[in-house]
Amino acid sequence: MHLGRPKTSTNTRHTSIAEEVLQLALHNGQSGLERVLVSFESKLCGTDDYTFLLRELGNRGEYEKAIKCFQFAVRRERRKTEQGKLASSMISILGRLGKVELAKGIFETALTEGYGNTVYAFSALISAFGRSGYIDEAIKVFDSMKNNGLKPNLVTYNAVIDACGKGGVEFKRVVEIFDEMLRSGVQPDRITFNSLLAVCSRGGLWEAARNLFSEMVHRGIDQDIFTYNTLLDAVCKGGQMDLAFEIMAEMPTKNILPNVVTYSTMIDGYAKAGRFDDALNLFNEMKFLGIGLDRVSYNTVLSIYAKLGRFEEALDICREMEGSGIRKDVVTYNALLGGYGKQGKYDEVRRLFEEMKAQKVSPNLLTYSTVIDVHSKGGLYEEAMNVFREFKQVGLKADVVLYSALIDALCKNGLVESAVSFLDEMTKEGIRPNVVTYNSIIDAFGRSATSECVFDAGGEISELQTESSSLVIELGIEGKATDGEDNQIIKIFGQLAAEKGGQAKKDCRGKQEILCILGVFQKMHELEIKPNVVTFSAILNACSRCDSFEDASMLLEELRLFDNQVYGVAHGLLMGCRENVWIQAQSLFDEVKLMDSSTASAFYNALTDMLWHFGQKRGAQLVVLEGKRRQVWENVWSNSCLDLHLMSSGAARAMVHAWLLNIRSIVFEGHELPKLLSILTGWGKHSKVVGDGALRRTVESLLTGMGAPFQLAKCNLGRFVSTGPVVTAWLRESGTLKLLVLHDDRTQSENAGFGQISNLQTLTL
DNA sequence: TATCTACGCC
């Protein structure tokens, strides 16, 4: 359970006496240790024996015994260099165990006692801070070397770069450090590049990672299993699974065989890309190859089954894992809690939450986030409040993710005002909202039932004192939250619990609030929070929920001030512009193509929905066909099957028209249609609510409306079927073509590019 | 000369 891997000791300089002492140290208590050390003092052979002892105790998590040995060894040693060696080792060992404060203590003592001012001690401390994510501290130590007359060496730079990776420093800044390293005449080695690759992997910068890999080859630096695994991680995190697969396949040709880490990385990559079959196939391959499973690989696969709601298989993995001597840890529980929570199995969530505590597996921030989020999303605010209270009691500190999850839950439930109160509260607690937080808020507009604009024109968050919160105080509902528990979050939860999920407020719809998004956007701008493609999708989705074309177009028009390309395209397509807008749109689509598949499909779904909603159906179809051409949705159609399960309702409808026109052209070219034709809508696993089936209903009414002869398959609720001859007959009817061809409500008639688009549509079809 | 590198859960 160390933070880091144990440092494998290839050091054989120690004597067999040291091994004997290690065994005695392990089997004796703290007090016995002193006796053992004293009695073996004359036999142990200097620093090598002592560092061996420290390292091995550290590898077994016995850091207190290691410190005792260290202090003993330093006291008996008179030579500064030898003391320095002991100190550097001790700092490294404590760093690996995540005991940064202790490591820092050893370092400072060593400095004052005159044996700590070495590049080794500094490097070890940088690494210790880095490993625990204290990047600022790590950099401070690095900078302080110059004042102490020390010159960073290769290992120091490697440690700093590694710390940057773990601390989430931007790639650009790390490259500056790398450049400084080169300028100082320090030549990078394999570990330097591996650490640089790790920086890329965090941000999913797969192209930068590939360039680094080429640079390694260019410099004649050999690759190792770390290089490949880190590169793969970057490529996987960048969502490029096909490329990752190719890279993995080339490993054996370099005599580097994929190991358990390689497989875990790939399996998780496939899972994150939604390619669960590929993920599970790799898992089977790994087992078939006899690669031993570790804690991480078990948890990776378990989380897949949990996410898919395949709990029997998830529990099988648990049993297999425990059978091989690995107990369920906090990650295992978190995955199960998330899985059961997603399916609304609250009883299981509560049972597991209690079980883990009984098993002495301490819930962590993620556990609480999950459990609170699950209950909030389900509208069970009282339970959420109780778990939040427990979370506060155990002394954990909320982070931006927890708050964002809460805010998202409230927004999804249409309670944007409460969400903004939480936003206020987190800011007061000194937690900076990020783009995810704001995306949730934006997504809430049009979803909520409240009419007040919670952001004023200047973009400031208004003071919110809702009627109901004063009501709560009067009724004393927040009574449980007294006794010095002055927590706004708990008060809001209490209020929501009392309102039974705010149902009362949900139904009163006021004026369109969509223009509030401008204020939110302005606020993001002020806080220097950069909107991303999800922000864009959220805005488009808000437009799709807005009844007023004028408000929606005004919003998009105004947003062009912030980003003319993105909002120019959305606004232009909405207004029925074509030629120039379509050229701009192409470069936007190019950018989206670089993103992972679910983000990209969400973008296409949102844009199409918005256009469809405002009657720009042909425009919607152009976008959806562009998405198909760029393979945003995998295997959308063949002559016999149309798969809509990853699409939104607008995208799906535009696609149904396109597909039917496509098979119509097959018929009119004189070819026969396949015997069986299917349209798949899925059963809603990709919708917000599992099993919702909204897409199926939408497609059903579209097909019925056109008189298309498809029927729901008897054995599969997410599948419409028909036969080739029946559909052929319908397509040949005189009125069918007119039904299938889509039109825009608005077109910019002066646009000379219209004909070009018609051609494009014909071509694509 | 002691110091440095990969995978999972919100």
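In what follows, chains are A, B, ... by sequence order, proteins preceding strands, each numbered from 1. Basis for what follows: all heavy atoms, side chains included, without hydrogens, waters or symmetry-related copies.
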Under 3.5 Å donor-acceptor pair, A:T370 side-chain atoms to B:dC10 base atoms:
no
Would you say a side-chain N or O of A:R55 is under 4.0 Å from OP1 or OP2 of B:dT3?
yes
A:K328 and A:Q359: CA distance, side-chain angles, deciding distance, side-chain hydrogen bond (donor to acceptor under 3.5 Å, both in side chains) verdict
CA-CA 9 Å; A:K328 291 207 278 284; A:Q359 295 289 322; over 6 Å; no
Rounded distance (Å) that lies between atom P of B:dA6 and atom CG of A:D294
14 Å
Could you give the CG-to-C1' distance, from A:D329 to B:dC10, as a whole number of Å?
15 Å
Out of B:dC7, B:dC10, B:dA6, minimum distance to the side chain of A:L366 belongs to B:dC10
A:K166 vs A:I135 side-chain heavy atoms within contact, under 4.5 Å
no
Within the pair A:K166 and B:dA6, is there a side-chain N or O less than 4.0 Å away from OP1 or OP2?
yes
Side chain of A:V296 - closest among B:dC9, B:dC7, B:dA2
B:dC7
Round to a whole Å and report the spacing from CZ of A:R202 to P of B:dT5.
15 Å
Name the residue from A:Y346, A:Y368, A:Y340, A:F388 that meets the ring pair (Phe, Tyr, Trp, His ring centres under 6.0 Å) definition with A:H375.
A:Y346
Please verify the inter-ring angle class for A:Y50 with A:F72; under 30° counts as parallel, over 60° as perpendicular, anything in between as tilted.
tilted
Stacking of A:Y120 on B:dT3 base (centres under 5.5 Å, planes under 30°):
no
Starting at atom CD1 of A:I326, determine the distance to atom P of B:dC9, rounded to an integer number of angstrom.
17 Å
Can you check the A:N153 CG to B:dC4 P distance for me, whole Å?
11 Å
Any idea which of B:dT5, B:dT3, B:dT1 is nearest the A:K85 side chain?
B:dT1
A:K307 side-chain proximity, nearest of B:dC10, B:dC4, B:dA6
B:dC10
Grab the CD1-P distance between A:I304 and B:dC7 for me, whole Å please.
17 Å
Please check the phosphate of B:dT3 (OP1 and OP2 only) for any side-chain N or O of A:R131 closer than 4.0 Å.
no
Is there a donor on the side chain of A:N259 or the base of B:dA6 sitting less than 3.5 Å from an acceptor on the other?
yes
Please work out if A:G84 contacts a base, only the sugar-phosphate, or nothing of the nucleic acid, heavy-atom cut-off 4.0 Å.
base
Checking contacts here: which listed nucleotide (B:dC4, B:dA2, B:dC9) is nearest the side-chain heavy atoms of A:K272?
B:dC9
For the pair made of CD1 in A:I177 and C1' in B:dC4, what is the distance, rounded to whole Å?
14 Å
Nearest-neighbour nucleotide for the A:N158 side chain, B:dC9, B:dT5, B:dC4 considered
B:dC4
Contact class for A:T300 (heavy atom, under 4.0 Å): base, sugar-phosphate, or nothing?
sugar-phosphate
Kindly say if A:K80 contacts the phosphate of B:dT1, meaning a side-chain N or O under 4.0 Å from OP1 or OP2.
no
Nearest-neighbour nucleotide for the A:S123 side chain, B:dT3, B:dC9, B:dT1 considered
B:dT3
How long is the line joining CG of A:N194 and P of B:dA6, in whole Å?
9 Å
So if I take every side-chain heavy atom of A:R13 and compare against B:dC9, B:dA2, B:dA6, which nucleotide ends up nearest?
B:dA2
If you only use heavy atoms from C-beta on, which nucleotide in B:dC4, B:dC7, B:dA6 is closest to the side chain of A:T265?
B:dC7
With no hydrogens and no angle check, do the side chains of A:E425 and A:Y403 hold a donor and an acceptor under 3.5 Å apart?
no
If you compare every side-chain N and O of A:T367 against the phosphate oxygens of B:dC10 (OP1, OP2), does one of them come in below 4.0 Å?
no
Thinking salt bridges, do A:K140 and A:D136 make one under a 4.0 Å N-O criterion?
no
For B:dT5, does either OP1 or OP2 sit under 4.0 Å from a side-chain N or O belonging to A:R96?
yes
Side chains of A:D189 and A:T192: any donor to acceptor distance under 3.5 Å?
yes
Tell me if the side-chain of A:S369 makes a donor-acceptor pair with the base of B:dC10, cut-off 3.5 Å, by modelled atom types.
yes
